[in-house]
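Below, chain A is the first sequence line, B the second, and so on; all start at residue 1. The figures that follow rest on heavy atoms only: side chains count, while hydrogens, waters and symmetry mates do not.
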Number of protein chains: 2
Amino acid sequence: MGHVASPVTMRTLADRLGVSVTTVSNAYSKPDRLSPDLRDQILATAKELGYCGPSAAGRALRSGKTDVCGFLFGGELAEAFADPYTVAFLAGLSETAEKFGASILLLRSPGDGDDAESQLLQRAAIDAIVTCSATSEHPATELLTQRGVRVVGAQRAEVGDWVAVNDVKAGRLIGKHLAKLGHRQIVVVVTGETPDAEAHEITPKELSSVAGRFAAERFQGLAEKLPEATFRIVCGGCKPKQAGRLAAAQALDVQDRPTAIIAMSDALALGVWDAVRERGLTPGRDISITGFDDIQDAAFVGLTTVRQPIADKGRFAGRLAMDPDYPQRQITLPVELVVRSSTGPAPRI
Amino acid sequence: MGHVASPVTMRTLADRLGVSVTTVSNAYSKPDRLSPDLRDQILATAKELGYCGPSAAGRALRSGKTDVCGFLFGGELAEAFADPYTVAFLAGLSETAEKFGASILLLRSPGDGDDAESQLLQRAAIDAIVTCSATSEHPATELLTQRGVRVVGAQRAEVGDWVAVNDVKAGRLIGKHLAKLGHRQIVVVVTGETPDAEAHEITPKELSSVAGRFAAERFQGLAEKLPEATFRIVCGGCKPKQAGRLAAAQALDVQDRPTAIIAMSDALALGVWDAVRERGLTPGRDISITGFDDIQDAAFVGLTTVRQPIADKGRFAGRLAMDPDYPQRQITLPVELVVRSSTGPAPRI
DNA sequence: ACGATACACTTTATCGATAAACAAGGCAAG
DNA sequence: CTTGCCTTGTTTATCGATAAAGTGTATCGT
């Protein structure tokens, strides 16, 4: 039952066969450094004694290699699983990880209290780490790099490894589409910290710090293609669906309703969608809604959005994380406008 | 840039302050074994020198504790993320893990080749492991237990820790519901290995080995409440949605169409749903469809199903995994029939 | 016949931390 | 004044494995 196991180590094998521990080690990690015969013998004995290969802890300590890839999420992990974008990213990442014989360790990025969480991240036994949610990259990242952990980001930057899309371009695609449809009065909905669990309006300058750099870039693209439009930017909180609903509520319950709501993610857009329907409005006719990402449900409800290859992002991120020799260290993936029924001509006011 | 880090260890701190390494260690893991003053001093120096707490590798090696909880999935991890059930389970699990200050390591259960994958699992540095998908429990599990890793299962059993639902009862709920509606000709759809990527029929006796024990138990409940019905059981493969579609295709394209299709999961049922609609049939009128789990999309399309508290399963599993002193080691969670529009009276033939 | 290489292992020295046992001073009880 | 326990540390001995350097024998070219 609760027996504490026979601690079969390399020593056990070595003694049994009369060879040195190093030789046993080599049998596993450097097969060309011993004769095939001996190697076979060692592996056979291992099987016989129930030895399952070098212990992760010992190996990690001595060699520094762990065959583990961290996944860093900027919030509670439970939220990560509630977000289709993140889940799709993880699917791609895990695919690559499996190819490299690595496992994935789920970690959350520490809040502001440096303490417990920060340390959990800092001292985690990992070879590399991939960040997914774009927000809150820097705080922890630097120390990790210093420690020798490869860090793969999810945003374009001058230095370091990353996999991302051109967010300015993504913004332009939406902007151009809405411009053509005649929209001039627009509300942009973003996720981010809210002080009082209440939606609040922010300025374009605050965008980067509240919602992340990617949001600011998309907005730049939007504004570029919608020079005559007036924008309001509303932040509804961190949990996408709820945030979308909250923000949309604030945007809609005013005299001068916008003709289009641009959500910074599909998950957010689905929240907006609910708020819109609750008010008896029909998306695409009474008001246009757009998202970003093209998650599965977007096709389901008919949301106009910008598709980005999420799973591929995960796959490439894994590649950069696990293969230090992969030549291209900064990868930009394509985006594509997907027009569905949630957008239509701006209604005359 | 790529500097290999200043290896700040406990030694560094100890030397700096003129205390022993053990004392530094105690500052972190046994605060009551040194004076508060000294402890504060040590932590302050740690911050100053950029020391982030005991390295995971060293600690794991010496003490055996890792603060990592494994998550074992019985297939490619990418599939895990495609399955809403698994994702919901992970959300619950990660919630508990966070509470305990632990991280989650994603692992896949080895196939039949004992080699690489099996070892990845066996030597993983984890304190405990939680299995989610019910299939393929035993092969690896035993060795882990022997190694001192707590194993938390997802199926009822005589021994060991688990969190599960009463699957016989779940089966009865569906059986009773369909019996009342007059269904007598029924196809049961399950996931499992298929030799030729083609749907194939299996017998009730094969159920347990092909689809897992839980499937067999549910079937037992079904049969009990539908004594006059004739059953065919079809397995369509491992990927739920596709499997459902494939299996349903085989079930539908025959002379004598069933009046109800019972899928062993909602994900599977959604595949069945597609196949049904593709043939111009309306679920709930021309043919009844049921699932198990009550994932989000089930409510969306109107699928009759048996709800099980998936996230709670994850939460409790985490609790058992991370708290060896939690008194109740075998937990059964409730199930509940949820009737929606996908079931209706059996059409007269 | 000689040094130079290769090969197939072994020795030695850690990797960073913690468990277990031990030591010195203080303080209370007898 | 002594005994004995508590507090606050220190010493010593590993945890399991790998890097780096060393040893002894065969092989080879010249």
Side-chain angles (χ1 to χ4, degrees), chain A residues 4-42 46 49-68 119 122-127 147-149, chain B residues 4-42 46 49-68 119 122-127 147-149:
Chain A
V4 197
S6 48
V8 185
T9 75
M10 286 192 175
R11 165 108 257 136
T12 322
L13 295 198
D15 288 354
R16 179 66 116 65
L17 289 167
V19 298
S20 76
V21 179
T22 299
T23 297
V24 177
S25 170
N26 286 337
Y28 284 94
S29 45
K30 296 178 186 159
D32 51 331
R33 289 226 188 153
L34 42 60
S35 65
D37 278 4
L38 182 52
R39 183 173 134 91
D40 290 347
Q41 235 179 78
I42 291 176
L49 301 186
Y51 178 73
C52 320
S55 101
R59 186 175 116 94
L61 178 57
R62 184 66 246 249
S63 75
K65 294 183 179 177
T66 61
D67 283 344
V68 171
Q119 294 194 349
Q122 290 303 335
R123 58 203 207 199
I126 49 179
D127 293 337
R147 234 186 67 195
V149 174
Chain B
V4 196
S6 50
V8 185
T9 75
M10 286 191 175
R11 166 106 255 139
T12 322
L13 295 196
D15 287 354
R16 178 66 117 66
L17 289 167
V19 300
S20 76
V21 179
T22 299
T23 297
V24 177
S25 170
N26 286 337
Y28 284 94
S29 45
K30 295 178 187 160
D32 52 329
R33 291 230 183 150
L34 41 62
S35 67
D37 278 5
L38 181 52
R39 173 160 198 264
D40 290 347
Q41 234 180 78
I42 290 176
L49 301 186
Y51 178 73
C52 320
S55 101
R59 187 176 116 94
L61 178 57
R62 183 67 246 251
S63 76
K65 294 182 181 177
T66 61
D67 282 344
V68 171
Q119 295 194 348
Q122 291 303 334
R123 57 203 208 200
I126 50 180
D127 293 336
R147 234 186 68 194
V149 173

Novice: Rounded off to whole Å, could you give me the CG-to-P distance for the B:Asp67 and C:dA17 pair?
Specialist: 15 Å
Novice: Where is the tightest heavy-atom contact between B:Pro31 and B:Arg39, given as atom of each residue plus distance?
Specialist: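 In this case the closest contact between B:Pro31 and B:Arg39 is CB-NE, 3.7 Å.
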Novice: Take atom CG of A:Leu61 and atom P of C:dA13, then tell me their distance rounded to the nearest Å.
Specialist: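 Atom-to-atom, A:Leu61 to C:dA13, this comes out as 18 Å.
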Novice: Compare every heavy atom of A:Ala124 with every heavy atom of B:Ala56, then report the nearest pair and how far apart it is.
Specialist: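 Taking every non-hydrogen atom into account, CB-C, 4.2 Å.
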Novice: I need the CZ-P distance between A:Arg11 and D:dA17, as an integer number of Å.
Specialist: 11 Å
Novice: For DNA chain D, find the residues of residues 19-29 of chain B with a heavy-atom distance under 4.0 Å and give them by number; none if there aren't any.
Specialist: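 Under 4.0 Å from DNA chain D: B:Val19, B:Ser20, B:Thr22, B:Thr23.
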Novice: Considering residues at least two apart in sequence or located in another chain, which fulfil the salt bridge (charged side-chain N to carboxylate O under 4.0 Å, His left out) criterion with B:Asp67?
Specialist: B:Arg59
Novice: Would you name the heavy atoms of B:Thr23 and B:Leu34 that are closest together and state the gap between them?
Specialist: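 Taking every non-hydrogen atom into account, O-CD2, 3.3 Å.
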Novice: Please state how far atom CG in A:Asp127 lies from atom C1' in C:dC15, giving the value in whole angstrom units.
Specialist: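 So the two atoms are 15 Å apart, to the nearest Å.
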Novice: Closest approach to the side chain of B:Ser55, judged atom by atom: which nucleotide of C:dT18, C:dG16, D:dT18 is it?
Specialist: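 Given the options C:dT18, C:dG16, D:dT18, the side chain of B:Ser55 is closest to C:dG16.
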Novice: Quickly work out the B:Arg62 CZ to C:dT18 P distance and round it to whole Å.
Specialist: 10 Å
Novice: Select one nucleotide: of C:dA17, D:dA19, D:dA17, the one nearest the side-chain heavy atoms of A:Lys30.
Specialist: D:dA19
Novice: When B:Arg11 is tested against each of B:Leu13, B:Val8, B:Thr9 for side-chain contact (heavy atoms from CB on, under 4.5 Å), which residue passes?
Specialist: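 Result: among B:Leu13, B:Val8, B:Thr9, B:Thr9 is the only option passing the side-chain contact (heavy atoms from CB on, under 4.5 Å) with B:Arg11.
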Novice: Grab the two heavy atoms, one from A:Val68 and one from A:Ala125, that are nearest each other, plus how far apart they are.
Specialist: CB-O, 3.8 Å
Novice: Between B:Tyr28 and B:Met10, what is the shortest heavy-atom contact and its length?
Specialist: CD1-CE, 4.3 Å
Novice: Check whether the side chain of B:Arg33 and the base of D:dT7 form a donor-acceptor pair under 3.5 Å.
Specialist: no
Novice: To the nearest Å, give me how far apart CD (A:Gln41) and P (C:dA8) are.
Specialist: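 Nearest whole value for this atom pair: 15 Å.
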Novice: Which one, C:dA19, C:dA17, D:dG16, comes nearest to the side chain of B:Thr9?
Specialist: C:dA17
Novice: Given C:dC9, D:dG9, C:dT18, which nucleotide is nearest the side-chain atoms of B:Arg59?
Specialist: C:dT18
Novice: Between B:Leu34 (CG) and D:dC6 (C1'), how many Å, whole number?
Specialist: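 Nearest whole value for this atom pair: 15 Å.
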Novice: Tell me: CE of B:Met10 to C1' of C:dG16, nearest whole Å?
Specialist: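 Between C1' of C:dG16 and CE of B:Met10: 8 Å.
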